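Here's the structure, in structure tokens; my notes come after.
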Amino acid sequence: MAGAISFELLQKDAGGKARRGRLTTPHGMIETPVFMPVGTAATVKAVKPEDVRELGAQIILANTYHLFLRPGHEVVRKAGGLHKFMNWSGPILTDSGGFQVFSLSSINNITEEGVMFASHIDGSRRLLSPEKSIEVQNALGADIIMAFDECVPYPAGREYAAASAARTTRWLARCKAAHLDTDRQALFGIMQGGMYGDLRAESAAQIAALDLPGYAIGGLSVGEPKDVMYGILDDCADLLPQEKPRYLMGVGSPDALFEAVARGVDMFDCVLPTREARHGRAATSLGSVNLRNAAYAEDFSALDPACDCYTCRHYSRSYLRHLIMSKEILGATLVSIHNLAFLCGLMAKMRAAIEEGAFEVLKREFFARYYDG
RNA sequence: GUGGGUAUAGUCAAGUGGUUAAGACACAUGGUUGUGGUCCAUGCAUGCGUGGGUUCGAGUCCCACUACCCACC
């Protein structure tokens, strides 16, 4: 079967697990490893789609949960799909709503059927199930859609993690059965299993057996210590199929991106760069900068001297701090542009380094400058 | 000019003679990982317009001064 997407493994890092790949989708190619900016409500907050493209983003993520509740997936369908609705012609991935049902809605009742929850917008009771999530994602029309899963919280007991992972796998089979238009949209399965290595292996084997076009690692970066996350990731490269893309959900701090790419992960998404930008924190080549700090009030230099993004080419730290402190909309826009450009640029550097067999060198140099400089 | 009122942190204020002067905003410093444009944590008045007085004890009562507000001339 042809399928909506194809993944080509171009190169593996000499001596390491880092991979250089290429994902072909109905809306264009994606060079991996890749960072996907998050556009929850069919918009990367504060940034116009053409600017998202210009800053180097190859694919964006949108949320089933949010669009299901508002404006409603039928509205998006009538608009001609998400790409047209939001004026983004590149690839899109939609999250299934599984995570948000647990993290955002208040009252929820989990059954084998699905999850009953109260909308965070108006409190109305809604049901999201594997079939419903696929129906909504079909209407949204993203290139890659995600399985409806339960993200096991941290910490979680072994028994709960095992039962939850097993249910997520059963839900995945239902998602696959409900998803018919496989030539237009690729369905990714999600590995769970909490922080238990053997449960992870079991989950990986079961979802791999369904022969899906890609696989995600879920349930990480949920509050566990970083070395625990890296420990789980150590095994993921061997647990998941080599020839399929691997997506680590919710990860986006620079150190975690390096560590995960080093362990063979290809795709990432995270709210961190845009959320932090709205609150005045920027990632730069020399480390993190909190623009709210009084020290930057009269700092007329560029946010990051080594960055050539629109924001760094035209504005000073002093001005950006003024915008953030005044809660001016432009502040969120400019810092978001920079933070996204920084992360997308970082991934581009990783791709080039893998091609040159210099990934470990880049990683070492980055850590020295970003965290110790 | 006459009468009345009000002065407490950068701002708005609580405070009715008795420990260490509420709270909010602002400000300062952290935090935020499949996004509720949020939310959270910590810090921030040796002092209550100024000067005197009463009292064991005064932001609180008394007197004078100063500033501002309102009304009348």
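Here is how names work: the chains are called A, B, and so on, in the same order as the sequence lines, proteins then strands, and each is numbered from 1. Below, each value reflects all heavy atoms present in this structure, side chains not excepted, and no hydrogens, waters or symmetry copies. Keep in mind that this is a model prediction, so the values were computed, not measured.
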*Is the closest side-chain donor-acceptor distance between A:Asn339 and A:Ser336 under 3.5 Å?*
no
*Bracket notation of RNA chain B in which parentheses pair within the strand, [ ] cross earlier pairs, and | pairs with another strand (Watson-Crick or G-U, under 3.5 Å)*: ((((((((.[[[..)..(....]]].(((((.......))))).....[[[[[..)....]]]]]))))))).
_C1' gap between B:C63 and B:U55, integer Å_ = 16 Å
*Consider only side-chain heavy atoms of I, L, V, M, F, W and Y, link residues closer than 4.5 Å, and tell whether A:Phe367 and A:Met350 are in one cluster.*
yes
*So, does A:Trp171 use its side chain to make a donor-acceptor pair with the main chain of A:Arg174 at under 3.5 Å?*
no
*Can you tell me how far C1' of B:G34 sits from CG of A:Leu257, to the nearest Å?*
14 Å
_Distance check, C1' atoms only: B:C12 and B:U6, in whole angstrom units._
15 Å
_Main chain of A:Asp13, side chain of A:Arg20: is a donor-acceptor contact present, judged purely on distance under 3.5 Å?_
no
*asked:* Using a 4.0 Å heavy-atom cut-off, does A:Asp269 contact any base of the nucleic acid, only the sugar-phosphate backbone, or nothing at all?
replied: sugar-phosphate
*Determine the interatomic distance between P on B:A71 and the same-named atom on B:G53; round to the nearest Å.*
38 Å
*Would you mind classifying the nucleic acid contact of A:Glu150 as base, sugar-phosphate or nothing, using non-hydrogen atoms under 4.0 angstrom?*
nothing
_Nucleotide B:G34, atom C1' - distance to CG of A:Leu61 in whole Å_ = 7 Å
*Take the angle between the ring planes of A:Tyr319 and A:Tyr315 and call it parallel below 30°, perpendicular above 60°, tilted in between.*
parallel
*Rounded to the Å, how far apart are A:Glu276 CD and B:C39 C1'?*
14 Å
*Would A:Met29 and A:Ile92 show up in the same hydrophobic cluster when neighbours are defined by side-chain heavy atoms closer than 4.5 Å?*
no
*Sugar-phosphate only, base, or nothing, as touched by A:Leu248 at under 4.0 Å among non-hydrogen atoms*: nothing
*asked:* Tell me the interatomic distance from A:Arg278, atom CZ, to B:G36, atom P, rounded to whole angstroms.
replied: 10 Å
*Indicate the atoms forming the closest heavy-atom contact of A:Leu187 with A:Leu212, along with that distance.*
O-CB, 3.6 Å
*asked:* Rounding to an integer number of angstrom, what distance separates B:U8 and B:U16 when you compare their C1' atoms?
replied: 16 Å
*In whole angstrom, give the distance that lies between atom CD of A:Glu224 and atom P of B:U32.*
13 Å
*Determine the interatomic distance between P on B:G49 and the same-named atom on B:A58; round to the nearest Å.*
15 Å
_I need the CE-C1' distance between A:Met267 and B:G34, as an integer number of Å._
12 Å
*OP1 or OP2 of B:A28 under 4.0 Å from side-chain N/O of A:Asn293*: no
*Roughly, in whole Å, what's the span from CD in A:Gln137 to P in B:G34?*
17 Å
_Can you identify which nucleotide, out of B:G30, B:U32, B:A28, has its nearest atom closest to the A:Asn290 side chain?_
B:G30
*Heavy atoms under 4.0 Å, any strand shown: does A:Met325 hit a base, just sugar-phosphate, or nothing?*
sugar-phosphate
*Using 30° and 60° as the class limits, which term best fits the ring planes of A:His314 and A:Tyr310: parallel, tilted or perpendicular?*
tilted
_Does A:Gly280 reach a base, just sugar-phosphate, or nothing at all? Heavy atoms under 4.0 Å._
nothing
*Within the structure shown, what part of the strands sits under 4.0 Å from A:Asp149 by heavy-atom distance: base, sugar-phosphate, or nothing?*
base
*Give a yes/no on whether any side-chain N or O of A:Arg321 is located under 4.0 angstrom from OP1 or OP2 of B:A28.*
yes
*asked:* Suppose you measure atom C1' in B:U46 against the same atom in B:U54; what distance do you get, rounded to whole Å?
replied: 24 Å
*Between B:A9 and B:C48 - P atom distance, rounded Å*: 10 Å
*Measure from the ring center of A:Phe258 to the ring center of A:Tyr370 and say whether it is less than 6.0 Å.*
no
*Could you give the CG-to-P distance, from A:Asn63 to B:G36, as a whole number of Å?*
8 Å
*asked:* Looking at A:His279 and B:U32, is any side-chain donor or acceptor paired with a base atom of the opposite kind under 3.5 Å?
replied: no
*Pick the P atom in B:C56 and in B:G10, then give their distance to the nearest Å.*
35 Å
